[in-house]
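Residue numbers begin at 1 in each chain, while the letters A, B, ... track the order of the sequences.
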Amino acid sequence: MIAIPYLTALTTYFSYGLLFAFGQIRDLFRKVLDWCRSNNLQGYAPICLGLEDFYIRRLYLRIQDCFGRPIASAPDAWFDVVERYSNDNNKTLKRTEKKTRCLNLGSYNYLGFAAADEYCTPCAIETLKKFSPSTCSTRVDGGTTTLHNELEECVAKFVGKPAAIVFGMGYVTNSAILPVLIGKGGLIISDSLNHNSIVNGARGSGATIRVFQHNTPSHLEEVLREQIAEGQPRTHRPWKKIIVVVEGIYSMEGELCKLPEIVAICKKYKAYTYLDEAHSIGAVGKSGRGVCELLGVDTADVDIMMGTFTKSFGSCGGYISGSKELIQYLKYTCPAHLYATSISPPAAQQIISSIKVILGEDGSSRGAQKLARIRENSNFFRSELQKMGFEVLGDNDSPVMPIMLYNPAKIPAFSRECLKQNVAVVTVAFPATPLLLARARICISASHTKEDLVKALEVISRVGDLVGIKYFPAEPKKEHQE
Amino acid sequence: MASSFTNMADTAIEWLTMAFEAPFAQAVVFGVHIGGHLFVEGLLLVVILFLLSQKSYKPPKRPLTKKEIDELCDEWVPESLIPPLSEEKQYEIPVLESAAGPHTVVEGKEVVNFASANYLGLMGHEKILDSCTASLEKYGVGSCSARLCYGTIDVHLDCEARIAKFLGTPDSILYSYGLSTMFSAIPAFSKKGDIIVVDEGVHWGIQNGLYLSRSTIVYFKHNDMESLQNTLEKITQESKRAKRLRRYIVVEAVYQNSGQIAPLDEIIRLKEKYRFRVLLDESNSFGVLGSSGRGLTEHYRVPVSVISAGLLIDSSCGYCSLVLQVDKIDIITAAMGHALATEGGFCTGSERVIEHQRLSSSGYVFSASLPPYLATAAVTAIDILEKSPELIKKLKENVAVLCADVFSSDVEEVSFRDTFSNLGVEALHLIGACWRKRLSDIPGLSVASDPLSPMVYLVLKNSTGSVKSDLQLLEDIADCALKEHGVLVVTSKRSILDKCRLPVGIRLFVSAGHTESDLCKTSKALKKASEAVLSGHN
């Protein structure tokens with residue numbers, strides 16, 4: 001867990017308080033001015049209530065230029081960021097034709113498949129000509145092609161499970177699977193920092209939801225014991241089934257899940273495990289097979305494994321893999337399979353080609369090189385940042401590293417200063433993270449070279465000094481120190 | 001014995017009289033004569049107070065011991081993760097071996113494809129393939145990021161601007177998947193306490209969005225305007241005209257589950273009378289209805305939003321101060337996986353509506369953006385649609401011909417194109433409507449969809465009573481049509497999570513790329529297949 005220093009907490013609260021106060025004063029003026037001007041809504045309630053988007057209007061709009069920056073090239077290691085300007089104090093941003101070449105530390109491009117690849121792109125273009133960009137139908141109607149079947153076999157083999165089912169979008173995978181597997185009378189125990197898609201899927205299922213402390217197996221055990229003993233709320237009948245949902249790598253913390261302990265606890269208490277490997281599949285593990293391989297967990301112990309293809313495979317879509325019966329059941333009942341358009345054929349081909357490259361089946365050793373490079377890059381970058389005195393989260397081997405900022409004013413400062421020096425970073429604030437714990441999140445890719453990383457470190461160090469986020473004392477340099 | 005008892009009683013009485021005659025018992029305080037009885041009453045009061053102050057009896061709490069919890073955990077047996085698969089669910093899915101255009105290859109044979117919603121026949125179009133190839137070479141396949149974290153590529157912004165320009169609205173927002181469009185848009189605008197009136201035949205995406213929004217949901221009978229009016233009347237009477245209460249009507253333009261078309265002019269009249277906002281899902285009507293394909297709004301000649309020169313929309317304040325009339329349709333969503341032959345979805349409306357979704361819509365913020373080549377495909381498709389509106393006309397003709405079904409096996413060459421090419425689209429609809437009655441030639445099946453709908457929906461004339469057996473019969477018909485006659489049609493399958501109770505049927509997605517012989521072959525095949533299956537069943 002992150003322990004925020006007292007002084008920083010105080011200053012952060014003060015900053016937010018000030019912004020809040022200013023926002024309220026402006027709202028007051030707005031109310032007064034609107035009361036004078038006639039309100040022409042003619043009896044309709046306003047479509048967005050004033051209180052709901054106070055944060056958006058008064059806080060987010062001030063720093064809107066740090067988010068949603070458009071790019072004009074592939075999200076590779078270096079890309080073109082389009083410049084925007086605003087005439088009305090950041091309320092609306094207009095595009096210009098000018099572009100700046102920046103180093104990309106923000107895209108999820110772990111293995112470097114984002115841009116046109118020498119093996120994958122020709123295959124994708126061939127598939128495009130054969131199957132056209134979309135199948136225009138659902139999987140059960142006319143949307144299953146031989147390519148889709150091949151893809152599912154390929155994914156199942158890669159992940160290490162008997163069968164797999166593929167959907168066109170990762171978010172919908174979580175939202176549409178959980179309601180099918182569990183309903184009223186069931187219990188979902190999820191990690192407190194799980195992704196929004198899991199939360200949505202859990203809510204949509206109608207089951208009771210309990211949360212356990214982030215990555216703390218002992219608390220999970222406590223919650224399980226308590227819940228099994230008590231049973232359903234109010235009726236105290238025993239639960240129909242219990243599913244524990246965890247993620248492989250948490251995207252806001254960069255931490256790996258403590259999978260062996262959690263799986264052992266779930267086995268002991270007969271709960272089902274659901275592992276969401278959105279960020280870890282393809283990026284960690286000796287052969288890229290994800291967090292199970294890295295931590296030595298047998299894939300047969302995890303009941304349902306889910307993942308997405310957006311991050312490491314440079315494509316789009318999500319998958320679920322499990323036993324043959326489970327996948328067959330899902331094929332008859334899951335709404336995303338029955339009602340949603342099937343995954344686009346070129347995207348499917350990209351996944352197959354990238355899996356072939358990772359496993360070395362295309363005849364080259366590029367896959368192994370990429371995996372080794374991302375591991376080296378992540379570890380090097382993290383250790384250097386820590387030496388400089390930044391507060392960096394995450395475990396070793398994880399390619400996601402958040403740098404803590406805390407203060408709301410440091411968010412735009414860090415982002416804009418880095419952009420001026422041609423380094424593009426992503427900053428995250430409330431509501432994706434807790435209010436006080438704003439951070440800048442860096443994603444390392446296998447396509448970053450050593451020089452790129454060294455340049456990034458220089459720029460971040462300079463900006464860090466300027467903005468004042470080196471919360472820990474820097475390690476003294478080994479040479480030339482008196 | 002008795003004497004000692006009397007002695008004790010005597011002493012007790014002596015003590016009492018002494019107490020009564022004690023000085024304080026006869027004291028005079030504030031002019032009130034205190035008698036001895038007050039002393040006893042005072043004692044009683046003390047005793048009562050003492051009893052009241054005691055806690056009432058509760059059985060002591062005994063939390064479960066560790067051993068007891070262990071035993072309970074050992075005893076508990078969960079259900080299996082999935083219920084056992086029953087025999088009826090073993091239907092086969094057709095596996096295509098080529099693009100899902102008007103003709104496709106299944107198991108080595110070429111079949112006529114009525115299973116893809118490729119309404120305008122844009123699948124495999126040269127221009128779209130060229131633009132996608134250029135996009136793939138420039139941007140790669142995926143966008144690798146969420147929209148707010150460098151996932152916004154310039155093609156996305158171009159696509160949004162193009163859609164907004166095409167429909168005549170201020171702005172639009174792009175989603176990366178058709179299904180997630182509605183179920184992310186609804187919870188962004190409707191929360192606990194708001195009221196939504198929705199048709200009972202909407203598809204699962206909308207149902208899920210309604211459930212996630214936690215608002216009060218009221219269903220009205222499928223496409224029945226009287227039922228809608230009664231529902232609206234009831235709701236307005238029940239709830240006070242709360243200023244903060246948002247009220248919505250959610251309808252689809254062409255219903256996925258039945259092929260009916262919503263009467264938009266009626267809905268707008270009701271909406272303006274009762275002050276509800278309208279959410280319209282145009283997945284199956286975008287690019288199909290209206291003379292230039294702009295959807296149901298063009299078909300009914302309703303302007304989506306009215307913009308005038310003196311407009312002042314203050315998007316910074318929470319109180320909408322529009323200086324002109326409220327939009328006729330507040331929010332329009334559509335999935336692009338139908339007429340535009342690409343993937344993804346979009347939502348369009350006023351600027352306020354779109355800006356709000358960019359930060360509050362979970363399917364937009366927490367998900368990766370649409371792959372750039374699909375956005376390019378969408379832009380090219382809209383360009384083609386604008387330049388060649390004859391595709392829409394061809395589609396309408398095809399639908400009319402299919403429903404008409406006047407071909408008998410003897411007549412080979414009756415060309416509808418020659419006979420009716422000079423007639424307007426309205427005339428074609430009339431003719432098609434007259435001849436729809438002829439579809440009773442197909443034994444056992446009748447057309448349940450609207451004549452204008454690009455998706456022809458056939459239902460069983462005599463339902464067997466249970467959805468499962470109906471579906472089984474329809475599956476058999478579809479199977480027979482595919483295997484013996486080379487026509488690929490599909491049944492409407494329902495998920496266990498779907499709340500829709502409309503009858504199941506066979507869907508035919510008509511495309512502008514189908515030729516007359518295709519349509520002829522299909523109607524013959526359906527006749528033969530349903531004869532074979534239904535006679536065998538009866």
Side-chain angles (χ1 to χ4, degrees), chain A residues 30 34 43-46 48 50 56 67-68 70-72 74-75 91 106-109 114-116 124-125 128 131-137 140-142 144-146 168-169 171-172 179 196 225 228-229 238 240-241 270 272 310 314-316 326 329 332-333 335 338-341 344 350 426, chain B residues 64 69 72-73 76 78-79 81-82 89 93 95-97 99-100 115-118 123-124 132-133 136-137 139-142 144-145 148-150 152-154 177-180 204 244-246 275 316-321 337 341-343 356 359 362 366-368 371 377 490 493 495-497:
Chain A
R30 176 54 53 197
D34 265 354
Y44 288 88
C48 312
I56 299 174
F67 302 100
I71 62 177
K91 278 190 216 127
S107 299
Y108 302 130
N109 179 21
I125 294 182
L128 174 76
F131 286 106
S132 82
S134 163
T135 54
C136 285
S137 46
V140 288
D141 286 348
T144 304
T145 59
T146 44
M169 181 183 176
Y171 188 92
V172 162
N196 186 274
R225 287 169 65 84
I228 297 179
K240 291 202 180 136
K241 49 184 124 151
K270 296 173 261 182
Y272 298 109
T310 333
S315 174
C316 64
L326 173 69
Y329 177 70
Y332 291 117
T333 51
L338 296 174
Y339 300 130
T341 327
S344 166
Q350 163 82 10
V426 167
Chain B
L64 294 169
I69 297 185
L72 282 168
C73 293
W76 178 65
E79 279 179 9
L81 193 56
I82 47 169
K89 290 187 181 168
I93 301 177
V95 178
L96 275 62
E97 287 156 20
S116 302
N118 174 22
M123 199 179 285
C132 282
T133 315
L136 279 174
E137 277 163 4
Y139 298 109
V141 175
C144 298
S145 252
L148 292 176
C149 309
Y150 301 107
T152 309
I153 307 186
D154 48 3
Y177 207 45
L179 193 66
S180 72
W204 181 82
R244 293 286 167 134
L245 194 66
R246 293 177 287 198
R275 303 265 185 262
S316 70
C317 76
Y319 308 95
C320 237
S321 59
T342 175
E343 293 212 11
H356 183 71
L359 269 187
S362 40
F366 293 106
S367 160
V490 282
K493 299 178 181 64
S495 160
I496 47 172
L497 298 175

Taking all non-hydrogen atoms of both residues, which atom of [X] and which atom of [Y] are closest, and how far apart?
X	Y	answer
G124(B)	S132(A)	N-CB, 3.9 Å
L96(B)	G142(A)	CD2-O, 3.3 Å
A341(B)	S134(A)	O-CB, 3.7 Å
T341(A)	Y177(B)	O-OH, 2.7 Å
Y171(A)	S367(B)	CB-CB, 4.0 Å
C136(A)	M123(B)	SG-CE, 3.5 Å

Is there a donor-acceptor pair closer than 3.5 Å between any side-chain N or O of [X] and the backbone N or O of [Y]?
X	Y	value
T145(A)	E97(B)	no
K270(A)	P78(B)	no
Q350(A)	V141(B)	no

Output the distance between atom [atom1] ([X]) and atom [atom2] ([Y]), rounded to the nearest 0.5 Å.
X	Y	atom1	atom2	value
Y332(A)	I82(B)	OH	CD1	12.0 Å
C149(B)	F67(A)	SG	CZ	8.5 Å
I228(A)	L72(B)	CD1	CG	9.0 Å
D154(B)	I71(A)	CG	CD1	8.0 Å

Side chain, backbone, both or neither: which part of [X] has a heavy atom under 4.5 Å from chain B?
X	result
F131(A)	both
L338(A)	side chain
A72(A)	both
Y108(A)	both

Which one, [options], leads in non-hydrogen pairs under 4.5 Å with chain A?
options	answer
P371(B), G178(B), G140(B)	G140(B)
A100(B), S145(B), A368(B)	S145(B)
N118(B), L179(B), I69(B)	I69(B)

Legend entry - Top contributor to chain B interface from P238(A), P133(A), G106(A) [non-hydrogen pairs under 4.5 Å]: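 Greatest number of close heavy-atom pairs with chain B: P133(A).
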
Legend entry - Greatest number of heavy atom pairs closer than 4.5 Å to chain B - which of C316(A), A114(A), A124(A):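 Highest number of pairs under 4.5 Å: A114(A).
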
Inset, instruction - Show your working on side chain to side chain contact (heavy atoms under 4.5 Å, CB included) between T133(B) and L128(A) and close with a plain yes or no. - result: CA-CA 8 Å; T133(B) 315; L128(A) 174 76; 3.6 Å; yes

So which part of [X] gets closer than 4.5 Å to some heavy atom of chain A, the side chain, the backbone, both or neither?
X	value
L136(B)	both
S362(B)	both
L81(B)	both

Legend entry - Close side-chain approach of S495(B) to Y339(A), heavy-atom, < 4.5 Å: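 Yes. Closest side-chain heavy atoms under 4.5 Å.
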
